[in-house]
Structures are given as C-alpha cells and as structure tokens.
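Contents: one structure, followed by commentary.
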Amino acid sequence: MVEFRALLDRFWVTRAENKELFFLLQKTLPEHHRFINEQLGWNLIVNESVIKLEKVPPKAMPWMGIPTFQETMDYCLLCAVLLFLADLDDGEPFLLSFLTKAAESYLADVMPVDWTLFLHRKSLVRVLQYAQEAGLVLVYDGNSAGFGSNRDQEVLYENTGLSRHFPVHFGRDIMDCQSIEDFEAFSWEGDETESRRHRVYQQLVLTPGLYCSDETRSDYEYIKNQRRTVSASLDKAMDGELQVHKNGAFFLLSEGDRCGLIYPGTRALSDAALLLCTQLREEIAQGRYFRREDDTVLLSRREFRYETERCRSLCGNGWGSQLRAMSLDRIVQELTAYMAQWMLLEEMEDDILLYPAVGKLVGHYPASFHNEVREGEEDDPLEDE
C-alpha cells in the first residue's frame, strides 16, 4: 500500500530522481495491477526511466490544476514547450531563444505571445521552472528566472526525454473535444457497469468524497450496494476506512497516514475552517439555518461573512499571525476558496452552499484556550473530530 500511495502522491517516479523508490515500485507493482486496471481503469506507464500512474479524474475540480500556474497562458505555453521537446532527441541541448521562437509559432493562432510584455515573459518563466521541477528539462547554464526581467536572457537546457510521457493517453480520438465536459464524458462511455465502477473508485481515491446528487445517484447507489467490496479494495490498496452516510461517501486514511494534500492540515487556515464548521453545525442544529432534504444548507454571502466574523472574534487570537493580520474580507475570501477545494462548500452567484461534510469535519481548541494573543509562541494544537 505504501508503494501505491507513492504513485498517487507524485506525478511520476523517475529513475534519475529516486532510484530506490523506482526499483521498489518495479518490484511491487504486480500486486496493484488488478486494482489499477479493474477498479480504477487507469493507465500505468512503466519503462526504463519512468513509472507513471495516469490519474485521470471523473470530474475536473479547480484545485486539480498546477498550483504555480496563474493564467490560461501558462497552460498554453506548457503545451508549446511539450511540442518543442517532442521534436528533440533525448539528451539534446537547446537554447531558450530557440524555444521562444518555436512557442511563438505554435501559439500564433491560439494565444499569440509577445515577449516584449512582462506578463508574457513571467508566464513562460513559471512554465520553465515547472518543467525543471518536473524533470522535463535540465539547466546547464543560465537561469530561467532572468527571462522575466530581460527578454534577451539566454539559457542552455537539455531535453531529458520525459516529455513524451507527460501527456495523458486517453486511448481514443480527442480531436473533437472542445471543453472539459467533453473529456469528462469519457468516464460515462462504454460498458455502464464498468464505467460506474471506475468513476466510483477514482472519485474516492482522488477527492475528499462523493456526494449523492441527481448526476451521481447511480454511483452512490453502487457504493451502498457494494460497500464491503469497495471498502476492502480501498483498504488493501491505501489503508483506510470507507464511511457511507445518507448523502455521501468518504474514504479516510488511517490515523497517522498521509497521501497527497490532506485535510485538516497544519495551516492556520485549516484550523479556522474546522472552527467555523463547528460553529456552523451548532447554528444549524439550533435551527438558525435551514437544512434541506439532502443535508445541504444554503447561506447568503452576508450570512457566511457574519459567521466568519463571529468565529474570528471568538477564536481568532489563536490563529497564525499571518491570518490574524488579514482583513475580514480577505479571511472570508481565503476560507471560502479553501473550503470549496475540500468539497465543504460550493460558491454560487449570491450564496454559499454548505455540504454535509461541514457537520462531519469539525474541531475546537483545548479547554485551556482563552482567545488571548500569544506573541512568539506556538499555537495550541486544534482538536479535530
């Protein structure tokens, strides 16, 4: 299970970067082939240089992007870089100036670039730094960051050859795909039973949970009917517990285990979210906010802001110094985005839709906490439930 979680936790494992883990995976992967193929329906790439599990989600979520990318252009430029590298031999050197000229040509009809513009140069810098971190290229001489301030900056790179394994292999023609929804539709094609099984396992492995809705009702019913089988398969692969509730299912790793991003985490924002969830659960239980038949709760943005302000007044001095220094509007913005990433809520045009997990994942400070500012001291640990 440790080896499988290692594949989930990383984009890929390369022989050059982590030889010990690479050979360990080669040795143990046969134990996981059936789970990967039959339950998840994912491709597994294994060759002499890289091992990659192609983790294609059944539904795209905002947090699934590349964290360091900020603009649509970043992704367009990454595609241009991959096209450029595809024409090079493994180990072939190239100059940054050659790459920038090629990118101009590739993107001319899609999103034209102008290297005299600072924002365009910074976008390429982010892409190049990501390419270095991912192992797509090696830097021999120069610094990619310098291109941000000087378009004449020259850098000597080497193509590692890993770029050919970077794109996902969908196993079908994608030329007609024009949107994210077109790619998501792949998970609904083919044999209905097999497609449903793949979606269920992919959702439970990649995301905080699966909520029952009109769109996912058949998937949720599958989990309820096959609960023992699903639980045993996930536990064997990842070591955890499947929890099925009236309107949702969650797979929780065993205590002390971690894989990828986790919630609750160690950030002060995570503490604030747990504290706010506790407060919201109490208010809902007392009837202040109406709980709908599917256990969701609709708050106006004004009500959500009020609850955040009240939570800060009661517990805010226990938060980290950076969070304490933020304005209330900034805290609301950060909390809303963070909780949306963890499927605790959904941002609507004028409202905030709270999901059932708000009442499940809660926390409180120790009884000794008195909401006093403690400069230079570590915050007391949060007790989560």
Under 3.5 Å, is there a donor-acceptor pair between the [X] and [Y] side chains?
| X | Y | answer |
| --- | --- | --- |
| Asn247 | Asp295 | yes |
| Asp351 | Ser300 | no |
| Ser97 | Glu154 | yes |
| His165 | Asn47 | yes |
| Arg292 | Thr296 | yes |
| His198 | Gln39 | no |
| Glu346 | Tyr355 | yes |

Exercise for review: Using salt bridge (charged side-chain N to carboxylate O under 4.0 Å, His left out) as the criterion, list what pairs up with Arg305, not counting sequence neighbours.
Suggested key: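 Asp329.
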Check your understanding: Which residue, Phe94, Phe147, Tyr140, Phe98, forms the ring pair (Phe, Tyr, Trp, His ring centres under 6.0 Å) with Tyr157?
Key ->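 The passing option is Phe94.
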Point to revise | Ring centroid separation Tyr220 to Tyr211 under 6.0 Å | key: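 No, the ring of Tyr220 stays outside the 6.0 Å limit from the ring of Tyr211, centre to centre.
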Point to revise | Neighbour count >12 (heavy atoms, 6.0 Å) for atom NZ, Lys122 | key: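 No, the 6.0 Å shell around NZ holds no more than 12 heavy atoms from other groups.
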Review point. Does Glu334 come within less than 4.0 Å of Arg330, counting only side-chain N to carboxylate O?
Key: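 A salt bridge links Glu334 with Arg330.
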Check your understanding: Nearest 0.5 Å, what's the CZ-CG distance between Arg312 and Leu275?
Key ->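 The CG atom of Leu275 is 14.0 Å from CZ of Arg312, to the nearest 0.5 Å.
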